[in-house]
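Before any comments, here is the structure.
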Amino acid sequence: MKALSILAVASAAALVSCATAQTGAEANAAGAAGWERVVYGIEVVDEAGEPLDHPFLGGFNLPRPQLADADGDGDLDLFVQEHSDRVMYFRNVAQGGGAEYRWITDTYEGLSVGEWFRFVDVDLDGDLDLLAEEPFSYIRYYRNDGGSGPASYVLATDTIKDVDGEAVFSDRQNIPNAADIDCDGYLDLLIGRLTGTITRYEAETVDENGVPRFEHITDSFEDIEIIGAMQGSLHGANTMALQDFDQDGDHDLFWGDFFEPGLLLIENTGTCQRPVLRGTPRPFPLGDPVATSGYNAPALGDVDRDGDMDLVMGVLGGAFNPNRTSVENLYQFEQGGAGDFSVATTRLIRMVDVGAESYPAFSDLDGDGDLDLLLSNKIETDNTRTGRIYVFENTGSATAPAFAARGPVPGLPDAYHFAPAFGDLDGDGDDDVILGQWGDAAAYYRNDRDSGDGTSGAMPRWTLVDSAAATLTRGRNTTPALGDLDGDGDLDLLLGESSGALNYYRNAGGPRAPAFELVSDEFQDIDAGRRSIPFLLDWDGDGDLDLALGSEGSGVRIYLNEGSRSEPVFVESEPFPLPVPNFAAPSFVDLDGDGDLDLVSGGIGGGLTVYLRGGGG
C-alpha cells in the first residue's frame with residue numbers, strides 16, 4: 001500500500017470574513033429567486049496571505065481586454081471578454097490616480113458581441129462607440145448615445161457594409177481595430193488577415209441612420225506582413241491595437257499573433273496626416289519584451305492618469321503551449337517617465353484560478369467542524385505531465401467561511417483531471433476519498449488521520465487501498481459521487497465519464513469494507529451529452545437522494561428521485577435556474593451554515609462560481 005499525506009500547516013492569523021453577497025447592480029441577478037451570486041465577500045487569501053479581490057469570478061482562459069470610461073467619471077474602466085457573445089464590466093473605483101477595478105456584471109448592457117469587441121469613436125463625435133463581431137465573421141456597430149455621461153449603446157447596424165452595399169468580412173478569430181489613421185476626419189478600419197497582412201477600409205459615406213459605408217483601400221496596408229516567430233514563416237489568428245503610445249501625435253500599431261510569443265510594435269515614423277508604418281516590427285516592451293504562450297491581445301490607455309499611455313494585455317494562448325498561461329494571463333504594463341514599459345502585474349484581476357476545468361470538493365479536512373475546499377484542475381501550468389489538487393483551508397467557521405490557500409496535495413501519482421468524492425467508507429467517522437481521474441479507474445484512499453491519540457486538527461493521512469476500486473467498461477474520465485442509493489446503510493458509487501453516461505456501482509462490502517460491483521454502465525439511460533459529472537443530494541427536501549449532473553456544454557441538470565430511498569428513479573426536472581460555466585462541476589454544500597445547500601461550481605475557466613441560497617430552503 002502507498003501512503004498519501006497532506007502535510008500539516010501552521011494556522012493562519014484570524015481572518016475577518018464577510019459572507020454576505022453583493023447587492024444591487026453588482027449582484028448580477030442570478031436568474032432565480034432565492035439565489036445570490038457571490039464574486040467577492042467571502043474572503044480567500046493566497047499562499048502568501050494576500051487577499052484575492054474577486055475570488056469567485058470563475059477564472060480567465062481567454063481574456064480579451066478593453067479600456068473605456070463607461071460611467072463618465074473621467075477614469076478608465078476595464079472590460080474583459082472571456083466568453084462568446086458577452087462582455088464583463090469592471091468599474092474603476094479608485095480615488096485619485098491609479099486603478100482599482102470592481103466587478104459589476106458578466107453581461108455589460110446585455111450587448112451581443114460575438115467573438116470580439118472594440119471601443120472606437122465610429123461617428124467621430126468624441127465618445128466611444130462599439131464594434132463587435134456579427135456571427136459569423138462580419139461587423140456590427142453599436143452607437144453610443146450617452147455623450148459625455150455614462151455610455152448608452154444603441155444597435156446602429158448589425159452589418160457594416162462597403163460603398164457597394166457588400167458586407168465587410170472580418171475573420172472572427174482576428175480582432176480588428178479602427179481609428180482616423182491619417183487624420184482626415186474619416187474613420188479607417190484595419191482588419192488583420194491570416195496571411196499576416198492588413199486590409200484597410202476608409203469611411204466614405206454615411207447612410208440615413210448615421211452608419212458609415214466604407215471604401216476598400218488596400219489589402220496590403222503599408223506593405224505590412226507579420227511572420228510569426230515559430231519556424232519563421234507562419235501567420236495566424238491576430239489581434240491589433242491602434243494608439244499613440246509615444247505621444248508624438250500619430251497612431252502606432254500593436255500586433256499580437258497566434259505564432260508570436262510576444263507583442264509586436266510597429267511605430268509610426270511619419271505624421272498624423274502622413275502615417276508611415278513600414279519599419280520592422282519590434283518586440284514590446286522595447287527594453288524587455290514580454291513572452292507568453294502567444295496570441296496576445298493589447299489595449300492601451302492612461303490607466304494611472306499620469307499623462308502617458310499604459311497597456312493591458314490578455315493572453316489568449318497560441319502556439320507556445322497555452323496551458324502554461326491559463327492562470328497568469330491578464331497583464332498590466334505601466335509606462336515610466338523615460339517611456340519604458342514594465343510589467344505591473346500578470347493577474348490584473350486576482351481570483352481563485354487553478355488553470356482550466358476546475359473541480360471542487362468539500363470536506364472537514366482538519367476536523368475543526370467547518371468545510372475545507374479541495375480544487376483540482378485539468379493540467380498544471382508548470383508541469384504538463386499531470387494535474388493537481390489544491391487545498392484551501394477554512395480559517396473562518398461553519399457559518400462565516402474564509403479560505404486560505406495551502407498549496408497542492410503532495411504525493412499523488414501523475415494523472416489529469418483529478419476528481420475527489422468524500423464519504424465515510426470504513427465507518428470510523430471521518431471522510432475517505434474516491435479519487436477519479438482522466439483514465440478509466442477510480443481509486444479508494446482511506447483516511448488514517450487519527451494516529452492513536454484521538455486528537456483532531458491535523459490534516460488527513462490518506463492511504464491508498466485500491467487504485468482501481470471501480471473501472472469503467474468503456475471510455476475515460478472518471479468523476480465519482482457517493483451516496484446510499486439502495487437504502488442499505490452504506491455508500492454506493494456513481495461514476496460519470498467522458499461519453500456523458502453514468503455508471504452505477506453497488507457497495508456489496510458494507511459500511512466498513514467497501515466493495516463496488518457494477519450494476520449498470522448506462523444507468524437509467526441518463527446522458528449528459530459529454531463529460532457527465534454527478535453529485536447526489538436531496539434537492540427537493542423529501543428525504544431521498546436526487547441527482548445533479550454537470551456536463552461539458554449543457555450546464556447543470558437536476559433529476560428528482562420519483563422512486564424511493566432503496567429504488568431510485570431519476571426523472572429530469574425543470575431547467576436548472578442558475579447560469580454556470582461550461583465543463584460545469586457542481587458541488588452542493590451548506591457553505592454558510594444556514595441550513596440549506598449552496599452551489600459551488602468549477603468550470604472551464606479554472607476558478608469557482610458560487611451561489612448562496614437564502615431563506616433556509
Side-chain angles (χ1 to χ4, degrees), residues 53-54 57 59-71 74-83 87-94 97-104 108 113 116-120 128 130-131 175-177 179 238-247 251-257 260-265 283-286 288-318 325-336 339-351 353:
D53 47 47
H54 293 78
L57 191 62
F60 285 154
N61 283 348
L62 301 166
R64 288 148 278 181
Q66 289 281 279
L67 296 165
D69 183 5
D71 50 8
D75 57 30
L76 292 176
D77 305 299
L78 174 68
F79 297 81
V80 178
Q81 183 176 9
E82 170 67 13
H83 303 286
V87 173
M88 306 173 82
Y89 168 41
F90 298 82
R91 179 182 294 141
N92 188 348
V93 297
E100 180 184 347
Y101 298 115
R102 188 60 108 182
W103 174 85
I104 302 299
Y108 177 62
V113 297
W116 58 264
F117 73 110
R118 282 295 193 202
F119 288 109
V120 173
L128 291 177
L130 187 67
L131 298 177
I175 304 178
N177 215 320
N238 53 74
T239 69
M240 197 188 315
L242 295 167
Q243 190 61 260
D244 183 9
F245 95 100
D246 51 8
Q247 295 180 293
H251 287 90
D252 307 293
L253 188 147
F254 290 83
W255 180 283
D257 194 277
E260 172 59 51
L263 187 65
L264 299 178
L265 166 66
F284 188 86
L286 301 179
D288 185 17
V290 65
T292 73
S293 62
Y295 202 7
N296 299 308
L300 289 97
D302 185 4
V303 172
D304 52 12
R305 286 185 278 180
D306 64 352
D308 55 31
M309 285 290 126
D310 306 298
L311 186 145
V312 174
M313 185 185 80
V315 182
L316 281 62
T325 54
S326 59
V327 174
E328 295 188 356
N329 54 19
L330 189 57
Y331 285 61
Q332 181 170 308
F333 299 83
E334 293 180 357
Q335 185 172 180
D340 296 326
F341 284 76
S342 60
V343 176
T345 180
T346 60
R347 297 183 67 181
L348 182 55
I349 303 297
R350 300 183 73 241
M351 68 195 91
D353 191 343

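It should be emphasised that the depicted structure is a prediction, and the values quoted were computed from it without experimental measurement.
- Taking the six-membered ring for Trp and the full ring otherwise, the centers of Y101 and H54 sit at least 6.0 Å from each other.
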List the steps, then state whether side-chain contact (heavy atoms from CB on, under 4.5 Å) holds for L316 with N296.
CA-CA 6 Å; L316 281 62; N296 299 308; over 6 Å; no

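- No side-chain heavy atom of N329 sits less than 4.5 Å from a side-chain heavy atom of T346.
- Taken to the nearest 0.5 Å, the CG atom of L67 stands 5.5 Å off from the CG atom of L76.
- Distance check, rounded to the nearest 0.5 Å: CD of Q332 to CE of M313 gives 12.0 Å.
- The local environment of CG in D288 is sparse, with at most 12 non-hydrogen atoms from other residues, nucleotides or ligands closer than 6.0 Å.
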Y295/T239 under side-chain contact (heavy atoms from CB on, under 4.5 Å): CA gap, chis, key distance, verdict
CA-CA 7 Å; Y295 202 7; T239 69; 3.6 Å; yes

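- Counting all heavy atoms, side chain and backbone alike, Q243 lies closest to L300 at CG-CB, 3.7 Å.
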Which is it for F117 and L130 under the side-chain contact (heavy atoms from CB on, under 4.5 Å) test, yes or no, and what are the steps along the way?
CA-CA 7 Å; F117 73 110; L130 187 67; 3.8 Å; yes

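- For the atom pair F333 CZ and D340 CG, the distance stands at 13.0 Å (nearest 0.5 Å).
- For F341 and F284, the distance between ring centers is under 6.0 angstrom.
- Partners of T325 according to the side chain to side chain donor-acceptor pair (under 3.5 Å) rule, which considers only residues two or more places apart in sequence or in another chain, are S293.
- Every residue meeting the salt bridge (Lys or Arg N to Asp or Glu O under 4.0 Å) condition with D71, not counting sequence neighbours, appears here in chain and number order: R91.
- Annotation: side chain of D304 is in contact with side chain of D310 (closest heavy-atom distance under 4.5 Å).
- Between L348 and D53, the closest heavy-atom pair is O-OD2, 4.5 Å.
- Here the shortest heavy-atom pairing between A70 and D77 reads N-OD2, 2.8 Å.
- Applying side chain to side chain contact (heavy atoms under 4.5 Å, CB included) to M88 and the options F79, Y108, F60 leaves one that passes, F60.
- For R347, there are no salt bridge (Lys or Arg N to Asp or Glu O under 4.0 Å) partners two or more places apart in sequence or in a different chain.
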Take L311 and L263 through the test side-chain contact (heavy atoms from CB on, under 4.5 Å) and record every step on the way to the result.
CA-CA 11 Å; L311 186 145; L263 187 65; 4.0 Å; yes

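- The side-chain heavy atoms of L78 and N92, taken from C-beta on, include no pair separated by under 4.5 Å.
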